[in-house]
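This report concerns only the one structure given below.
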Amino acid sequence: MKIKLHEIPVREIVNGYVDSAENGVVGYSGKLNIRPAFQREFIYKEKQRNEVVHTVIRNFPLNVMYWVKSDSGDYEVLDGQQRTISICQYVTDEFSVIIDGMPRKFGNLTDAERNQILDYPLMIYICEGTDKEKLDWFKIINIAGEQLTAQELRNAIYTGEWLTEAKKYFSKTQCPAYQIAGDYLSGSAIRQNYLETAIKWIAARDGMEIEDYMSLHQHDTNCNELWLYFQSVINWVQAIFPKYRKEMKGRAWGEFYNKYSTNNYDPKRLEARIVELMEDDDVSDNKGVYEYLLSGDERPLNIRAFTPKMARAAYERQKGICPNCGKHFELNEMQADHITPWSKGGKTTADNCQMLCADCNRRKSSI
């Protein structure tokens, strides 16, 4: 990994500055990719943006920035995108700041004041290395300012046509992924949560981590596999659970699809069971209903536990004897258990509580 500190004046970075909105932002005579297409919206608030400009005007030191150099000799901003865009927007007269009590755009300044800004040196570390080295390094430097999400960190490393295409589907407000699945996804499209979710699901299908999948497909010319897979997941969910409920938002639908999509489910029976489970007082986590219906595992439901009072009453009733093995135990050596299992209609009530020794309870749970 090669890392070298450079002093680059504002005038060189602003030279060739073009903000093409969805098609990205460039500067430094077209050699610097300030914001790759569909990577991240400008998120600085007005106060933060203005503070950057005031720092430059006062000739105070601005935090260092980080660029990565590509094999082609061009550069991409790793850290400092918001500060760079703030400065470029001011120099191109997109907003004014208060100076000596008056709002002034760059064009309202004197020649000396403009030159002071244009000559201001930005401290920039430029790095070269492998994808893994750059990602590990970027995680270390991403410790101040507007924190990047994990997927934004990955996007800064695995750039290419595949990622650009994927962001068209997953990384914009009102993007296609939002249109078909906004009710099922958590997070924000522009903060790359939708993209991260989709890649996580398809990577899990192939036994990979997100980074492995992005590295494998970085130089593909399209993202058809990812988009078609994502649509398949959502179509499957809507087919077997046609009635939407708020509890469906943010579930690991892709992982469920990978495991259970080949099973045959009856949507009408599933709906009837959902109604029962949503009304069951013993179900503490309604969001777990869907995973339970697919897998049969009760753990996502977080079934209500017996209270200490119920457990004590059952212990006294049994005189400390485990009904399974017939041995006596102290209260703290026993565990409360349903006499009639919850899955067979048993409720978490005092009259359905029994105390089993830890060993018997463990054996019963494994049956």
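Just so you know, these numbers use all the heavy atoms, side chains as well, and skip hydrogens, waters and symmetry mates. FYI, the numbering just counts along the sequence from 1. All values reported here derive from a predicted model rather than from experimental measurement.
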Heavy-atom pair with the smallest gap, counting every atom of Phe241 and Leu293
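Looking at all heavy atoms of both residues, the closest pair is CE2-CD1, 4.4 Å.
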Contact summary for Tyr90 and Arg104, nearest pair of heavy atoms
OH-O, 3.0 Å
Can you tell me how far the NZ atom of Lys249 sits from the OG atom of Ser186, to the nearest 0.5 Å?
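The distance works out to 6.0 Å.
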I need the Arg83 CZ to Met65 CE distance, nearest 0.5 Å.
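The CE atom of Met65 is 5.0 Å from CZ of Arg83, to the nearest 0.5 Å.
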Got a salt bridge between [X] and [Y], using NZ or NE/NH1/NH2 to carboxylate O under 4.0 Å?
| X | Y | answer |
| --- | --- | --- |
| Glu51 | Lys47 | no |
| Asp282 | Arg304 | yes |
| Glu271 | Lys268 | no |
| Asp74 | Lys69 | no |

Kindly state each residue pair satisfying side chain to side chain donor-acceptor pair (under 3.5 Å) with at least one member in residues 250-262, sequence neighbours excluded.
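Residue pairs with at least one partner in residues 250-262: Tyr229-Asn258.
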Quick check, are the ring centers of [X] and [Y] under 6.0 angstrom apart?
| X | Y | result |
| --- | --- | --- |
| Tyr169 | Tyr194 | no |
| Phe170 | Trp227 | yes |
| Trp342 | Tyr292 | yes |
| Tyr290 | Phe256 | no |

Asp280 versus Lys347: any side-chain heavy-atom pair under 4.5 Å?
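When only atoms from C-beta onward are counted, Lys347 and Asp280 do touch, with a gap below 4.5 Å.
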Gln192 side chain to Ser171 side chain, donor-acceptor N/O pair below 3.5 angstrom
yes
Could you tabulate the donor-acceptor pairs under 3.5 Å formed by side-chain atoms of residues 117-129, not counting sequence neighbours?
{"unit_1": "Asp119", "atom_1": "OD1", "unit_2": "Arg11", "atom_2": "NE", "d": "3.1"}
{"unit_1": "Asp119", "atom_1": "OD1", "unit_2": "Arg11", "atom_2": "NH2", "d": "2.9"}
{"unit_1": "Tyr120", "atom_1": "OH", "unit_2": "Phe60", "atom_2": "O", "d": "2.5"}
{"unit_1": "Tyr120", "atom_1": "OH", "unit_2": "Leu62", "atom_2": "N", "d": "3.0"}

Considering only distance and modelled atom types, tabulate donor-acceptor pairs under 3.5 Å from the side chains of residues 195-203, sequence neighbours left out.
{"unit_1": "Glu196", "atom_1": "OE2", "unit_2": "Arg154", "atom_2": "NH1", "d": "3.0"}
{"unit_1": "Thr197", "atom_1": "OG1", "unit_2": "Asn193", "atom_2": "O", "d": "2.9"}

